Structures are given as C-alpha cells and as structure tokens.
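Presented below is the structure to which this report refers.
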Amino acid sequence: MKILKRTTNSKVTAEEREVTINIYPNENGEWTAFLYTCAEKYANRCKKQGWTQISETRHTDGAFVCAEFTAPAKAVSIRNANPAKREISEEQRKAASERFRKIREEKKGN
C-alpha cells in the first residue's frame, strides 16, 4: 500500500496533539483498528510494531505533523491502569540477588 504524503504550512501545538483509535468491523466482518496521531512518538511505535501506514503529514520545514495507521483490532491492548505492585520479603530479595549473581559469574566464565 502506498503511503499518502502531504505537506502543510501549519504546525500542531502541544494542546492540539492527540491520539485517536477507532475499532470497527471492515467489509469482510473482521475487526480493524484505525489510529490517527499528532504525536510522533506513537507514529514511530506503530511503524515498529508493523502497523500499516496510510498517510503522513509534515510541515514545510520537515517537522512531523500527523499520521494515520491501520492494523487488526487484536493489535490494540487495554491494560490495567493500576496494576498491583509485587511485594517480596527481604529473604526472597536476597535469594533472587544470589541467583542473579551466580548467573552473571557463569556468563563471565564462558
């Protein structure tokens, strides 16, 4: 698929930066994710994860403005916003530290 490349004279301000994800069934009934981003960080992440890039807009000076991507809906993961923190005892911490120390020594020996 060819990427639609555009150029614009306007830049996105910090307040205007956004990431929007829409999930919908396509013409084959398969769920598809569509992502629009004005944050280059998320555009780079989509590229690295193999999302299909549809378009990219840059300022006339070459600065990133926005991009659009698609991927199967299973590429989107909703996670727990407040994961439980794992708590280990001092004894468990020392035992793990000793195991890792032995592993490091074995690696140095090889």
Side-chain angles (χ1 to χ4, degrees):
M1 176 182 252
K2 189 173 180 177
I3 300 170
L4 176 62
K5 301 218 176 210
R6 296 180 281 225
T7 307
T8 183
N9 291 328
S10 60
K11 289 188 177 182
V12 179
T13 64
E15 296 82 24
E16 294 172 326
R17 276 185 272 172
E18 66 180 356
V19 177
T20 305
I21 301 172
N22 293 309
I23 299 175
Y24 57 90
N26 64 14
E27 60 276 354
N28 300 329
E30 299 166 347
W31 288 90
T32 302
F34 172 84
L35 184 135
Y36 168 84
T37 181
C38 293
E40 192 169 19
K41 169 185 175 178
Y42 294 103
N44 290 335
R45 189 172 290 175
C46 287
K47 289 176 189 176
K48 287 179 183 178
Q49 294 299 325
W51 286 50
T52 303
Q53 187 169 5
I54 298 170
S55 70
E56 182 172 280
T57 304
R58 293 199 169 264
H59 189 268
T60 52
D61 68 2
F64 178 84
V65 175
C66 67
E68 297 174 329
F69 297 87
T70 62
K74 66 182 180 181
V76 177
S77 174
I78 299 172
R79 300 184 181 160
N80 186 347
N82 301 310
K85 293 194 178 188
R86 182 177 171 192
E87 294 185 26
I88 61 173
S89 68
E90 185 66 24
E91 187 177 286
Q92 291 172 316
R93 189 190 64 74
K94 286 181 180 179
S97 176
E98 183 63 25
R99 285 193 305 273
F100 286 122
R101 186 186 61 76
K102 287 180 182 177
I103 291 170
R104 282 191 300 273
E105 286 175 359
E106 287 176 9
K107 281 187 177 182
K108 286 181 184 178
N110 289 337

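Note that the structure is predicted; figures quoted are calculated from it, not measured.
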Look up atom [atom1] in [X] and atom [atom2] in [Y], then write down how far apart they are to the nearest 0.5 Å.
| X | Y | atom1 | atom2 | value |
| --- | --- | --- | --- | --- |
| T70 | N22 | OG1 | CG | 12.5 Å |
| T60 | K11 | OG1 | NZ | 8.0 Å |
| W51 | F34 | CH2 | CZ | 10.5 Å |
| Y36 | I54 | OH | CD1 | 12.5 Å |
| Y42 | R17 | OH | CZ | 11.0 Å |
| I21 | I78 | CD1 | CD1 | 8.5 Å |

Please confirm whether the backbone N or O of E30 pairs with a side-chain atom of N28, one donor and one acceptor, at under 3.5 Å?
no
Counting only heavy atoms not in [X] (residues, nucleotides, ligands), do more than 12 fall under 6.0 Å from its [atom1]?
| X | atom1 | value |
| --- | --- | --- |
| F100 | CZ | no |
| E91 | CD | no |
| E98 | CD | yes |

Quick one: are R6 and L4 in side-chain contact, heavy atoms under 4.5 Å?
yes
Check whether any side-chain heavy atom of L35 sits under 4.5 Å from a side-chain heavy atom of C46, and report yes or no.
yes
Fellow cluster residues of V12, listed by chain then number, with links counted only when side-chain atoms sit under 4.5 Å apart
V65
Measure across A39 and V19 and return the closest heavy-atom pair with its distance rounded to 0.1 Å.
CB-CG2, 4.5 Å
So which heavy atom on I23 is nearest to which on A73, and how close?
CG2-CB, 3.7 Å
Does F64 belong to the same Ile/Leu/Val/Met/Phe/Trp/Tyr cluster as I3, with side-chain heavy atoms less than 4.5 Å apart forming each link?
no
Just one of K102, R101, K107, K108 clears the salt bridge (Lys or Arg N to Asp or Glu O under 4.0 Å) bar with E105, so which one?
R101
Taking only residues two or more places apart in sequence, or in another chain, which ones meet E56 in a side-chain hydrogen bond (donor to acceptor under 3.5 Å, both in side chains)?
K47, Q53, R58
